[in-house]
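Take a look at the structure below.
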Amino acid sequence: MWHLLYNVLLLIASPIILVILLAKQRCRRGLPQRLGCETGLFGLFSLFGLFRSSDRSQPDKLNKPNEPNKPNRPVIWVHAVSLGEVVAVTPLVKELHRRHPNHRFIVSTVTETGREAVEQRLAGLAEHLYAPLDFPWVVSRLVTRLRPVLYLFIETELWPNLLRNLHRQGVPAVMVNGRLSSRSFARQQWAPVRSFYRTMLQTLSLCLMQSDRDVDRIIALGAEVSRVKRTGNIKFDQPTPVVAGGGMTRSSLGLQATDQLFVAGSTHPGEEETLVECYLALVAQCPTAVLLLAPRHIERVESVEAMIRARGLAVQRRSAIGQAGALQPTGPRVLLLDSRGELPVIYREAVVAFVGGTLVPIGGHNLLEPAQWAKPVLFGPHTDHCAEIADLLIQAGGGHRVSHAEDLTRQVIALFSDDEERERVGRLARQVVEQNQGALQQTLEAIEKLLTRRGLKAEGLKAEGSESLKADAARF
């Protein structure tokens with residue numbers, strides 16, 4: 001009953017969903033593929049059986065034939081919503097590809113930044129796919145085309161129709177790096193929602209969770225205990241970014257030898273204003289301080305720049321640094337990161353780092369990126385999406401939670417003023433990363449066991465039915 005109600009509501013909302021996707025420029029590019037179309041309007045017509053293009057000279061990338069020496073290569077489908085999830089899952093995909101070179105890897109994302117990350121980080125290893133909208137006919141058509149032997153999804157991307165279709169076709173679905181925020185968990189407490197959620201969880205072969213808290217929550221919502229395993233957070237296993245020759249350096253950021261960089265990464269509206277006010281107080285006591293702001297959504301750069309200029313500060317975009325004829329400001333100023341993929345390396349140049357999405361109720365972003373470089377990590381009170389990492393940093397003394405703007409300013413000034421304390425806090429932050437690694441290996445072991453039990457290591461999809469999924473999960 002709940003599944004039928006879900007689809008009725010989905011159909012009613014579909015015009016609104018399509019209007020929203022068309023209105024967002026970053027979503028338009030992949031819209032035909034999200035709708036299960038092969039090539040633009042031809043694919044849209046063929047979706048409903050109204051028209052099929054006779055020109056097959058440009059086949060759909062995902063329908064391309066397997067290489068002659070690798071006939072009928074089994075597909076492993078990995079779903080990662082956006083940039084952060086792609087970064088987290090990249091080591092996993094690389095290792096799975098190394099172990100299973102005859103498999104075909106497809107990584108789906110929702111956002112454009114996710115697509116760019118797949119194409120940059122997994123070039124030659126995986127193909128990109130825009131995640132399908134969860135309409136029954138769309139997901140059914142895609143699963144039939146791909147015929148995956150395994151579906152992995154990062155964190156808690158539960159799409160009812162997709163999971164139901166995979167389950168019916170005997171495809172094991174595995175939640176990787178699973179987590180349940182307090183807000184999400186609270187929403188599932190309403191009895192009808194909880195019943196629907198339990199139905200979805202019963203389609204999963206494995207739930208590989210980040211923490212004991214996440215294990216308890218997923219079981220409370222209806223996941224079978226035998227299918228749930230705590231593997232830890234694979235973000236701890238991210239390799240430290242490699243700075244290749246000619247890559248990110250202080251000079252490429254326009255920094256002078258005496259400049260001290262305060263990096264605020266993945267910021268949101270309401271945070272940039274606070275950070276600029278904090279910087280104005282900091283530079284009054286530390287004139288060599290330079291603020292680098294990295295908005296989470298790059299399309300907001302123009303409005304952020306206008307806000308900074310309105311406060312009387314010099315501002316320079318990362319893309320303008322080093323351009324011929326461009327004036328290179330010195331002294332107190334704000335650098336605005338308008339490029340993608342550079343923030344993890346830029347943290348290396350920081351004196352102190354602040355991670356955004358935490359002063360406003362977003363839930364927080366990757367606190368480990370600055371910690372990898374042994375930098376003191378500051379963050380606000382809203383860390384629901386990274387609660388375990390925040391707690392570990394606080395307990396170890398490698399990070400500080402700030403409760404409001406004045407607290408942020410006080411902490412930043414204190415760390416800038418005390419070299420010895422700053423280095424001590426940074427070392428402790430790095431130790432948190434090192435002491436909590438191993439989740440990637442545990443995740444790989446669980447996936448390998450599942451592949452072995454289902455005999456999918458060197459074969460295509462076997463229609464073994466739903467009951468075999470339950471039997472296999474019991475062995476974990």
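- Interatomic distance, R104 CZ to L146 CG, rounded to the nearest 0.5 Å: 7.0 Å.
- Under the 3.5 Å distance criterion, with hydrogens and angles disregarded, no donor-acceptor pair is assigned to the side chains of T383 and T358.
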Are N436 and N233 close enough, and set up right, to give a side chain to side chain donor-acceptor pair (under 3.5 Å), and what steps lead you there?
CA-CA 8 Å; N436 288 275; N233 192 334; over 6 Å; no
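- Looking at S339 and E342, their side chains do bring a donor and an acceptor atom within 3.5 Å of each other.
- At a threshold of 4.5 Å between non-hydrogen side-chain atoms, the residues F105 and L96 count as touching.
- A salt bridge links E388 with R230: the distance from a Lys NZ or Arg NE/NH1/NH2 to an Asp or Glu carboxylate oxygen falls below 4.0 Å.
- Side-chain contact of H100 with E448: a donor-acceptor pair under 3.5 Å is present, judged by distance alone.
- In this structure the side chain of V139 never reaches within 4.5 angstrom of the side chain of L133, judged on heavy atoms.
- Ring geometry for H268 against H365 counts as parallel: the plane angle stays under 30°, on a 0 to 90° scale with 60° as the upper cut.
- Salt bridge annotation for E369-K235: absent, with no cationic side-chain nitrogen under 4.0 angstrom from a carboxylate oxygen.
- With hydrogens and angles left out, the side-chain atoms of T111 and T113 include a donor and acceptor closer than 3.5 Å.
- Remark: the T240 side chain and the W373 side chain contain no N/O donor-acceptor pair separated by less than 3.5 Å.
- Contact annotation: the side chain of F354 approaches that of L408 to within less than 4.5 Å [non-hydrogen atoms, C-beta and beyond].
- Atom-to-atom distance recorded for L428:CG and Q435:CD is 9.0 Å, nearest 0.5 angstrom.
- Using a 4.0 Å cut-off between a side-chain N of Lys or Arg and a carboxylate O of Asp or Glu, D391 and R401 qualify as a salt bridge.
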Go through the steps for R430 and Q372 under the test side chain to side chain donor-acceptor pair (under 3.5 Å), then give the verdict.
CA-CA 5 Å; R430 175 62 190 172; Q372 281 185 315; over 6 Å; no
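- With respect to E272 and R300, a salt bridge is recorded, a charged nitrogen being found less than 4.0 Å from a carboxylate O.
- Using the six-membered ring where Trp is involved, H128 and Y130 have ring planes that are perpendicular, over 60° apart on the 30 and 60° scheme.
- Put simply, the side chain of Y6 reaches to within 4.5 Å of the side chain of N161, judged on heavy atoms.
- Y197 is listed as a side-chain neighbour of L158, based on a closest heavy-atom distance under 4.5 Å.
- Residues T203 and R168 have side chains that never bring a donor and an acceptor to within less than 3.5 angstrom of each other.
- Side-chain contact check for L122 versus T90: some heavy-atom pair is nearer than 4.5 Å.
- In this structure, the side chains of I447 and L451 come closer than 4.5 Å at one or more pairs of heavy atoms.
- Atom CZ of R183 has 12 or fewer heavy atoms from other residues, nucleotides or ligands within 6.0 Å.
- In this structure a side-chain-to-backbone donor-acceptor pair under 3.5 Å is present from D237 to A439.
- The number of heavy-atom neighbours closer than 6.0 Å to CD of Q441, taken from other residues, nucleotides and ligands shown, is above 12.
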Would you please test E155 and H79 for side chain to side chain donor-acceptor pair (under 3.5 Å) and show each step?
CA-CA 10 Å; E155 297 189 350; H79 176 60; over 6 Å; no
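- No salt bridge links K449 with E445; every basic N to acidic carboxylate O contact stays at or beyond 4.0 Å.
- M175 is listed as a side-chain neighbour of I218, based on a closest heavy-atom distance under 4.5 Å.
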